[in-house]
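Letters A, B, ... are given to chains in the order of the sequence lines, protein chains preceding strands, and every chain is numbered from 1.
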2 protein chains.
Amino acid sequence: MSNEASYKDKKVITIGIVRELTGLSERQIRYYEERKLIFPERTPGGSRKYSFADIELLMDIAEKIEDGVQTFEIRQEMMKDKKKAEQAKLRKKMIQGQLNAQFGIRKA
Amino acid sequence: MSNEASYKDKKVITIGIVRELTGLSERQIRYYEERKLIFPERTPGGSRKYSFADIELLMDIAEKIEDGVQTFEIRQEMMKDKKKAEQAKLRKKMIQGQLNAQFGIRKA
DNA sequence: ACAACGATGTAAGAAAACCTAACATAATTT
DNA sequence: AAATTATGTTAGGTTTTCTTACATCGTTGT
């Protein structure tokens, strides 16, 4: 039932590299965090750490900003998407439960 | 014919994070570079950048060192492996060439 | 029209992270 | 015994990152 914390989601990239990879300024990257669009982790010393997924998200954000969408709206979209994803996951889990009840492996 | 520079091979991780992820000291990590077991890239300012693949390699190296293998021997093994991999790639390419010659798409 | 907000730049000072070079050491190898 | 290997440690310097504050300019709300 595999659920590896894959390369894509591991928070290991510092802000300078993110700047290079996205073309955004550090100011922008930190600002989008302030607006709760992105959530880096921190080193013990307080430096931000991002994942590849974060980088992709930042590039999506940048595109929307260029299209005149405000951080506020982007955040709303994101919350909607998150909710939908969670519900999908829940449905899947429920179906899984049904299947297990009917056909699941039982203890010997 | 797909050749994504995947997350795994992108050099984006600084040495401090590598230290955390591998449990090795920075001294060790730099030393293995000196012994030509690993080849980080650099930022413009000179800081080392590693990939996830590098991290896995470092953990393999660490294991061998614990088993008493010397960096020198590890390096030899690695060169052998690399050579074998290259030859396999070459064979594959040649077969591909054969196939193309026989059945390949021709210009209209 | 004007005040508030949104997005970004820039500057300052401090702290964290990283660099190289050098010396030390204990355990092998030669 | 001398050289080499692997690693720790220290020192001084440079790069990277952090937060806070102020500035600007365009957009939004009243």
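Following rounding to the nearest Å, A:Arg42 (CZ) and C:dA15 (C1') show an atom-to-atom distance of 13 Å. Atom CZ of A:Arg30 and atom P of C:dA7 are 18 Å apart (whole Å). Between A:Glu26 atom CD and C:dA11 atom C1' there is a gap of 14 Å when expressed in whole angstrom units. Rounded to whole Å, atom C1' of C:dC18 lies 17 Å from atom CD of B:Glu41.
Just one of A:Thr22, A:Thr14, A:Val18, A:Ile17 meets the side chain to side chain contact (heavy atoms under 4.5 Å, CB included) condition when paired with A:Tyr50; it is A:Val18.
Each of B:Arg19 and A:Gln70 lies near DNA chain C, and the nucleotide nearest A:Gln70 is the one positioned closer to the 5' end. Between B:Tyr31 and B:Pro44, the one whose closest nucleotide on DNA chain D sits nearer the 5' end is B:Tyr31.
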Which is it for A:Arg48 and A:Arg42 under the side-chain contact (heavy atoms from CB on, under 4.5 Å) test, yes or no, and what are the steps along the way? CA-CA 5 Å; A:Arg48 274 166 261 250; A:Arg42 299 277 184 145; 3.0 Å; yes
side-chain contact (heavy atoms from CB on, under 4.5 Å) between A:Ser51 and A:Lys11: does it pass, once the steps are laid out? CA-CA 4 Å; A:Ser51 67; A:Lys11 308 237 177 186; 4.3 Å; yes
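Taking only side-chain atoms of A:Ser47, from C-beta outward, the nucleotide of C:dT20, C:dA7, C:dA16 with the closest atom is C:dA16.
Atom CG in A:Leu24 sits 5.5 Å away from atom CD1 in A:Ile29 (nearest 0.5 Å). Residue A:Glu56 holds its CD atom at 10.5 Å from CG of A:Leu21, rounded to the nearest 0.5 Å. To the nearest 0.5 Å, the span separating CE on B:Met59 from CD on B:Glu63 amounts to 8.5 Å. To the nearest 0.5 Å, the span separating OG1 on B:Thr71 from CD1 on B:Ile38 amounts to 13.0 Å.
Over its length, the helix from C:dA1-D:dT30 to C:dT30-D:dA1 turns its helix axis by 30°, as judged from the five terminal pairs at each end, rounded to 10°.
Contacts of A:Met78 classified as side-chain contact (heavy atoms from CB on, under 4.5 Å), with partners at least two apart in sequence or in another chain: A:Leu37, A:Leu57, A:Ile74.
For DNA chain D, the outermost nucleotides in 5' to 3' order that have an atom under 4.0 Å from a heavy atom of chain B are D:dT5 to D:dT16.
Listed pair A:Thr43 / C:dA16 fails the phosphate criterion, with no side-chain N or O lying under 4.0 Å from OP1 or OP2.
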